[in-house]
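One-based numbering, in listed order, for ligands and for the atoms of each. Residues take their numbers from the sequence shown, with the count starting at 1.
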Amino acid sequence: MGSLQKIMDQVVKRNPGEPEFHQAVAEVLESLEVVAEKHPEWVKAGVFDRIVEPERQIIFRVPWVDDNGNVHVNRGFRIQFNSAIGPYKGGLRLHPSVNASILKFLGFEQIFKNSLTGLPIGGGKGGSDFDPKGKSDNEVMRFCQSFMTELSKHIGADTDVPAGDIGTGAREIGYMYGQYKRLRNEYTGVLTGKGLTWGGSLVRTEATGYGLCYFMDEALKAKGKSFKGTTVVVSGSGNVAIYATEKVHQLGGKVVALSDSNGYIYDPEGIKLDTVKQLKEVERKRISEYVNIHKNAIYTEGCSGIWSIKCDIALPCATQNEIDGKSAELLVKNGCYAVGEGANMPSTPEAVHIYLNNKIIYGPAKAANAGGVATSALEMSQNSMRYSWTFEEVDAKLKDIMVNIYRNASAAAKEYGMEDNLVAGANIAGFLKVATAMYAHGIAY
Ligand code: NDP
Ligand code: 2IT
C-alpha cells in the first residue's frame with residue numbers, strides 16, 4: 001500500500017483484535033490508492049480517514065427468558081457506518097460468532113455494495129451473538145422482542161432500515177417487526193424482508209441468490225461462456241445458497257454440492273432442491289439428512305472439503321473466509337474457472353490473490369451479492385408508495401441492477417488500469433459515489 005497505509009495503520013491501532021474488520025478495510029484501501037492520486041481534494045478533506053470510522057456504533061444488552069424460565073443475556077449491536085447517500089441499510093446477523101469485528105467488516109463492505117446498486121442507501125449492519133439453532137419458536141420470539149425493544153430507539157424508515165442475514169430470516173423479521181409496531185404505533189418500512197401480506201416485496205427471498213447468478217451470467221458472457229452445461233459447487237444451504245442453486249438450474253447448470261457448518265453433501269446427479277427446501281426452510285434440519293432421502297448422494301463431515309469437488313464454477317454462499325489459499329489452489333487445479341461470492345468476504349486475501357493470478361472470472365461479494373440489498377431498497381420504494389410490483393417487475397429490475405453493477409465495476413477497473421480486476425473495479429465504483437457525497441456535505445466541526 002502507498003499513501004493510504006497511514007490510514008490502515010490507524011484502523012489497526014484504533015480497532016485492536018478485529019482481524020475481519022482490518023481485512024475488509026485493507027482490501028478496499030489498496031484498491032483506492034489510484035483514486036487518492038487522482039483526487040487530492042478528497043485526501044485533503046479527510047474522506048479516506050472518515051470513511052473507515054463508523055458514524056455511530058450502538059452496543060446493548062439483550063436479556064431474554066428461555067422456556068424453562070432461565071434468564072439469558074446476549075449482546076446486541078448496530079453499526080451505523082455511513083449515511084452519505086441514504087439511510088443506513090444492512091442486515092442483522094444472529095450467530096454465536098458475532099462480535100464488533102465481524103459486524104464492522106460487514107457494515108464497511110455494505111457502504112460500497114449499497115452504492116453499487118445505484119439506489120439511495122447508506123451502509124450499516126447489526127446483530128447479536130444469540131444462536132437461534134435449537135431454540136423454540138417462543139424463545140426466538142422473546143429474544144427478537146427484547147432485541148427490538150432497544151434497537152427501535154435507533155432505527156426508522158428514513159434513518160436505518162435493517163433486514164436479514166445469517167440466522168435472521170422471515171420468522172425473525174416477523175417477530176421484530178411486530179415488536180417495532182407495538183412500540184412505535186406506526187406501520188412503516190423500517191425493516192425489509194417482510195412477509196408478503198405485511199409489506200414485503202416479491203423476489204426479496206430469492207434476490208441474493210438470483211442476483212448472484214445474474215451477475216455471474218454477465219461476467220461469464222463477457223468471456224464467451226455461460227452457466228449452460230456447467231457443474232457448479234455451492235457452499236451453505238441457507239437463503240442465499242438455496243436460491244443461487246435454483247437459478248443455476250434455471251440457467252442450465254448443475255449444482256452437485258451444498259453444505260452447512262458440519263459437513264457437505266455431494267449428489268453427482270444434481271441437487272434435488274425441493275428436498276433441500278423442505279429440510280432447511282420447513283423442518284430446520286441439517287443438510288446431512290439429504291442422504292437419507294437420496295441414497296446416491298454422499299455426506300462428508302467437515303465443511304471445507306466441499307472445495308475439493310471438481311467443478312467449473314464455485315459459488316461460496318456460507319460465511320467469511322470459508323475459502324483459504326489451499327482451497328483456492330485446489331479449485332484452480334481441478335479446472336474451476338469462475339468464482340462468484342454469495343457470502344460476504346468468503347475468500348481470504350490469499351485465495352483472492354490466487355484467483356487473480358490464474359485469471360479466474362471472479363465476482364467479489366460487494367458486487368456479486370448486492371441483489372439482496374438492492375431488492376430490499378425496492379421493498380422500501382414500494383412501502384413508500386404503498387404499492388407493490390409484480391414478481392416479473394421486481395425480477396426485471398433486479399436483473400438490470402446486477403447487469404449494471406457488472407458493467408460499472410468492469411468499466412472502473414479498465415479506467416483505472418486494472419482491466420478484468422472486478423475487486424478493484426467494484427471498490428472504486430462503489431467508493432466514487434459515496435466520496436462525492438461526503439465531500440459535498442462538508443465536514444462538521
Ligand atoms: P442463512 O442463515 O440462511 O444460511 C447460512 C448458511 O451458511 C447455513 O447453511 C450455515 O450453516 C452456513 N454457515 C453459517 N456460518 C457458518 C460457518 N461459520 N461455517 C460454515 N458454514 C456456516 O444465511 P444467508 O444464506 O442469508 O447468508 C449466507 C451468506 O450470504 C452470509 O455471508 C451473508 O452475510 C451473505 N449475504 C446474505 C444476504 C441475504 O440477503 N440473506 C445478502 C448478501 C449476502 P449452519 O446451518 O450449520 O450454521
Ligand atoms: O449482506 C447483505 O447485503 C445483506 N445481508 C442484505 C441486507 C439488506 O438490507 O437487505
Side-chain angles (χ1 to χ4, degrees), residues 20 86-98 102-103 105-114 116-117 119 121-127 131-134 155 160-173 189-194 200-201 203-212 215 234-245 258-265 276 279-281 284-288 302-306 315-323 341-347 365-380:
E20 294 87 358
Y88 309 106
K89 180 85 197 85
L92 295 170
R93 179 173 291 193
L94 300 182
H95 193 273
S97 64
V98 160
I102 290 180
L103 294 183
F105 114 65
L106 289 163
F108 182 70
E109 297 224 311
Q110 202 83 43
I111 303 170
F112 307 96
K113 182 197 302 195
N114 293 4
L116 283 168
T117 67
L119 300 167
I121 39 178
K125 201 83 184 189
D131 186 0
K133 266 195 222 103
I155 62 176
D160 183 356
V161 182
D165 192 75
I166 291 178
T168 306
R171 175 182 61 171
E172 290 74 18
I173 292 292
V190 67
L191 298 176
T192 58
K194 299 185 291 299
S201 173
V203 196
R204 177 61 188 89
T205 304
E206 297 84 354
T208 311
Y210 278 23
L212 169 66
F215 180 94
V234 177
S235 66
S237 48
N239 172 266
V240 181
I242 287 174
Y243 292 95
T245 301
L258 286 175
S259 63
D260 59 24
S261 56
N262 295 110
Y264 65 94
I265 53 163
V276 177
L279 286 174
K280 302 304 287 190
E281 293 184 333
R284 295 181 187 277
K285 287 193 174 149
R286 309 304 297 160
I287 200 67
S288 56
C303 51
S304 68
I306 195 168
L315 303 177
C317 296
T319 195
Q320 65 274 359
N321 292 327
E322 54 171 312
I323 304 186
E341 297 183 333
N344 285 307
M345 204 169 75
S347 309
K366 281 183 202 82
N369 75 27
V373 76
T375 308
S376 278
L378 299 177
E379 182 171 328
M380 290 164 72

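- By the criterion of a heavy-atom distance under 4.0 Å, neither the backbone nor the side chain of Ser235 is placed next to ligand 1.
- The residue from Ser261, Ser237, Gly90, Pro96 that puts a heavy atom closest to atom 45 (P) of ligand 1 is Ser261.
- For the atom pair Cys303 SG and Ile287 CD1, the distance stands at 12.5 Å (nearest 0.5 Å).
- The shortest side-chain heavy-atom distance between Cys317 and Leu212 falls under the 4.5 Å cut-off.
- The protein residues lying under 4.0 angstrom from ligand 2, judged by non-hydrogen atoms, are Lys89, Gly90, Gly91, Gln110, Lys113, Lys125, Ala163, Gly164, Asp165, Arg204, Asn344, Gly372, Val373, Ser376.
- Using a 4.0 Å heavy-atom cutoff, Arg286 is listed among the residues neighbouring ligand 1.
- Here is the list of ligand 1 atoms found below 4.0 Å of a heavy atom in Ala343: 29 (C), 30 (O), 32 (O), 35 (C).
- Scanning the protein heavy atoms around atom 43 (C) of ligand 1, the nearest turns out to be Thr208 CG2, 3.5 Å.
- Nearest to atom 6 (C) of ligand 1 among the protein's heavy atoms is Gly238 N, 4.0 Å.
- In summary, the atoms of ligand 1 found under 4.0 Å from a heavy atom of Cys317, numbered by their order in the structure, are 28 (C), 29 (C).
- The proximity of Lys285 to ligand 1, defined as any non-hydrogen pair under 4.0 Å, does not occur for either the backbone or the side chain.
- Checked against Glu322 for a side chain to side chain donor-acceptor pair (under 3.5 Å), the options Ser235, Ser304, Ser259 give a single hit: Ser235.
- Nearest heavy-atom pair across Glu341 and Ala365 is OE1-N, 2.8 Å.
- Checked by distance only, ligand 1 and Asn239 come closer than 3.5 Å through their nitrogen or oxygen atoms.
- Contact detail for Gly127 and Leu103: the closest heavy-atom pair is N-CD1, 3.8 Å.
- Here's the thing with Asn369: none of its N/O atoms is less than 3.5 angstrom from an N/O atom of ligand 1.
- Look at Ser259 and you'll find a heavy atom under 4.0 Å from some atom of ligand 1.
- Looking at ligand 1, you'll find an N or O of Gly167 within less than 3.5 Å of one of its N or O atoms.
- For ligand 1, the atoms lying closer than 4.0 Å to a non-hydrogen atom of Arg93 are 31 (C), 32 (O), 33 (C), 34 (O).
- From the protein, the heavy atom lying nearest to atom 13 (N) of ligand 1 is Ala318 CB, 4.1 Å.
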Can you check salt bridge (charged side-chain N to carboxylate O under 4.0 Å, His left out) on Arg286 and Asp260, steps first, answer last? CA-CA 7 Å; Arg286 309 304 297 160; Asp260 59 24; 3.3 Å; yes

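- Residues Val161 and Leu191 are not in side-chain contact: their nearest non-hydrogen atoms beyond the backbone lie 4.5 Å or more apart.
- The protein atom (non-hydrogen) at minimum distance from atom 15 (N) of ligand 1 is His95 NE2, 3.7 Å.
- Counting heavy atoms under 4.0 Å from ligand 1, residue Asp260 touches it through both backbone and side chain.
- In terms of modelled atom types and a separation under 3.5 Å, the side chain of Thr168 and the main chain of Leu92 share a donor-acceptor contact.
- Counting atoms of ligand 1 from 1 in the listed order, those under 4.0 Å from a heavy atom of Gly236 are 9 (O).
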The test is salt bridge (charged side-chain N to carboxylate O under 4.0 Å, His left out); show your working for Glu379 and Arg204 and say whether it passes. CA-CA 8 Å; Glu379 182 171 328; Arg204 177 61 188 89; 5.2 Å; no

Could you go step by step and tell me if Leu94 and Asp131 meet the side chain to side chain contact (heavy atoms under 4.5 Å, CB included) rule? CA-CA 6 Å; Leu94 300 182; Asp131 186 0; over 6 Å; no

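- Looking only at protein heavy atoms, the nearest one to atom 32 (O) of ligand 1 is Asn344 N, 3.1 Å.
- Looking from atom 33 (C) of ligand 1 to the surrounding protein, the closest heavy atom is Asp165 OD1, 3.2 Å.
- Neither the backbone nor the side chain of Gln320 has any atom closer than 4.0 Å to an atom of ligand 1 (non-hydrogen atoms only).
- In this structure, Asn114 and Val373 approach most closely via the heavy-atom pair OD1-CG1, 3.2 Å.
- Checked by atom type and distance alone, the side chain of Asn369 never pairs as donor or acceptor with a backbone atom of Thr208 at under 3.5 Å.
- Backbone and side-chain nitrogen or oxygen atoms of Arg204 are examined, and one is located within less than 3.5 angstrom of a nitrogen or oxygen of ligand 1.
- Side-chain contact between Glu109 and Met345 is present, with at least one heavy-atom pair separated by less than 4.5 Å.
- Between Ile102 and Arg93, some side-chain heavy-atom pair lies under the 4.5 Å cut-off.
- Closest heavy-atom approach to atom 23 (O) of ligand 1 among the candidates Thr319, Ile166, Ile306, Thr375: Ile166.
- Side-chain polar atoms of Ser201 and Lys194 form no donor-acceptor pair below 3.5 angstrom.
- Listed here is the closest heavy atom pair of Glu281 and Tyr243: OE2-OH, 2.9 Å.
- Residue-level proximity to ligand 1 for Glu322 is absent, since no heavy atom of it falls below 4.0 angstrom.
- Selection from Asp131, Val240, Thr192, Thr205 by nearest heavy atom to atom 26 (O) of ligand 1 gives Val240.
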After noting the C-alpha distance and the side-chain angles of Lys113 and Asn344, does the key distance pass the side chain to side chain donor-acceptor pair (under 3.5 Å) rule? CA-CA 10 Å; Lys113 182 197 302 195; Asn344 285 307; 2.9 Å; yes

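- For atom 28 (C) of ligand 1, the nearest protein heavy atom lies closer than 4.0 Å.
- Contact record, Gln110 with Lys89: CG-O, 3.2 Å, taken as the closest heavy-atom pair.
- Atom 48 (O) of ligand 1 has Lys133 NZ, 2.9 Å as its closest protein atom, hydrogens excluded (heavy atom only).
- Neither the backbone nor the side chain of Ala365 comes within contact range of ligand 1; no heavy atom lies under 4.0 Å.
- Pairing each heavy atom of Thr192 with each of Ala163, the nearest pair is OG1-CB, 3.2 Å.
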